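Just so it is clear, the structure is predicted and the values come from calculations on it, not from any experiment.
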Amino acid sequence: MHEYQAPLTDMKFVLRELVDLKRLAQLPGFGEMTPDVADAVLDEAAKFAGAVLSPLNRSGDLEGVRWQDGAVLTAAGWKQAYDRFAADGWNALSCPVDFGGQNLPRVLSALIEEMWNGANVAFALCPMLTRGAIDALELRGTKLQRETYLPKMVAGEWTGTMNLTEPQAGSDLSAVRTRAVRTDDGRYLLTGQKIFITYGEHDLTGNIVHMVLARAAGAPEGVKGTSLFLVPKYLVNADGSLGARNDVHCLSVEHKLGIHASPTCVLAFGQNGGAIGELIGEEKPRLGVYVHHDERRALLSGDRGRGSVGARIPDRFELCPRAHSRHRGRDTGRRTRGDPAPSGRASDADAHEVSDRSDAGARGRGCRVAGHRALASGCRAARTASSIRRSDDSRRQGMVHGKLG
């Protein structure tokens with residue numbers, strides 16, 4: 001079994017040739033961002049992806065997860081890998097310093113997240129969703145919410161989820177029926193059921209922070225009546241310690257075609273009176289906070305056709321060209337990535353990879369000012385008709401693996 005090998009040469013090319021690192025370092029908080037620092041971080045991430053995550057990819061998929069009396073047990077080696085992931089600081093890479101993060105630019109963290117997805121997508125989904133929940137809290141959470149939850153989530157001690165889909169409401173969020181009733185203390189009691197919740201229950205951390213789309217009592221029908229709520233698996237005491245178990249429980253896990261080591265859960269809220277939640281932002285925010293959360297998920301999951309997951313799954317096939325040719329249904333000969341195509345020009349696959357990687361980097365929040373135009377230009381130059389067709393392949397891959405929440 002060939003283990004994942006990160007395309008470091010390509011990644012470093014994107015950073016050195018398509019990103020203005022000097023200008024990026026002039027942005028607030030990025031003063032220590034140099035090519036040497038970026039190279040060192042990429043090198044260490046490649047080692048972790050190849051030596052820790054990649055070996056678990058096949059074994060985790062064969063073993064899968066197990067539901068047992070409301071608890072979900074992950075595959076062998078999963079918890080040890082996650083503990084090391086958090087201890088090494090990978091979860092905090094681009095998170096704010098104020099809450100224990102390292103504040104590295106997103107243009108760098110996007111490339112590293114590509115490695116996690118290429119090495120073991122079932123594992124990578126967990127920190128990806130946690131990062132989205134961190135973004136939502138950072139963007140719209142109250143000061144108390146940020147101080148209570150962000151340090152633990154940034155450190156990887158608690159994970160986050162996104163709860164949108166319901167049995168009667170797939171992509172149509174206007175049909176969401178989960179209800180939230182305000183209580184005298186300003187919190188809410190949530191009742192309802194969510195499906196396809198990735199890492200909605202697991203044994204990796206002591207707490208799970210659910211971001212739940214629900215409809216407050218008296219809110220109008222349609223998407224304008226929905227709001228976002230924070231619902232922890234365990235309530236948090238005033239001193240930061242874990243309190244009583246909240247009224248949110250995992251009823252089952254889905255049986256999927258792939259990524260079996262990633263638990264896709266059915267969650268019930270309020271079976272015993274109501275799950276206690278807190279409002280994120282204001283009631284009826286017109287999906288603004290959710291859209292921010294979902295855009296990050298879409299970037300990394302491949303829903304836009306060029307994300308890290310959809311684009312990086314083929315990396316494993318490229319380690320073994322003959323297997324890749326059988327999988328794609330065409331003869332690639334003995335050429336490997338980087339070798340010239342028969343016409344003497346770069347292959348469509350090579351051009352697509354530069355496009356993928358440049359586009360992912362361009363979407364990094366840390367590069368919105370510095371290097372964004374250069375990255376976008378690199379994407380346009382590299383994209384070919386073949387790459388557009390392969391974007392559709394990525395969308396189909398996402399459909400096979402299922403939703404994330």
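A donor-acceptor pair is defined here as one N or O able to donate and one able to accept, closer than 3.5 Å; such a pair exists between the side chain of Q102 and the backbone of G89. The backbone N or O of V248 lies less than 3.5 Å from no partner atom in the side chain of N246, so there is not a single donor-acceptor pair.
In this structure, D184 places its CG atom where only 12 or fewer heavy-atom neighbours from other residues, nucleotides or ligands lie under 6.0 Å away. The environment of CZ in R177 is sparse: at most 12 heavy-atom neighbours from other residues, nucleotides or ligands sit within 6.0 Å.
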H255/H260 under side-chain contact (heavy atoms from CB on, under 4.5 Å): CA gap, chis, key distance, verdict: CA-CA 8 Å; H255 299 278; H260 301 112; over 6 Å; no
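Remark: H210 pairs with no residue by the ring-ring contact (aromatic ring centres under 6.0 Å, His included) rule, at least two apart or across chains. With sequence neighbours excluded, the residues satisfying side chain to side chain contact (heavy atoms under 4.5 Å, CB included) with L189 are T183, I276. Residues passing the side chain to side chain donor-acceptor pair (under 3.5 Å) test with T178 are E166, sequence neighbours excluded.
Put simply, the side chain of V72 does not reach to within 4.5 Å of the side chain of D203, judged on heavy atoms. Between M33 and L108, the closest side-chain pair of non-hydrogen atoms falls below 4.5 Å. Counting heavy atoms from C-beta outward, Y188 and E278 have side chains that stay 4.5 Å or more apart. The shortest side-chain heavy-atom distance between V209 and T159 does not fall under the 4.5 Å cut-off.
One finds a salt bridge joining K79 and D83 here, because a Lys/Arg side-chain nitrogen approaches an Asp/Glu carboxylate oxygen to under 4.0 Å. At a threshold of 4.0 Å, the pair D135-R140 does not count as salt-bridged, since none of the basic side-chain nitrogens sits closer than that to a carboxylate oxygen.
T264 and K256 form a side-chain donor-acceptor contact under 3.5 Å, judged by distance and modelled atom types alone.
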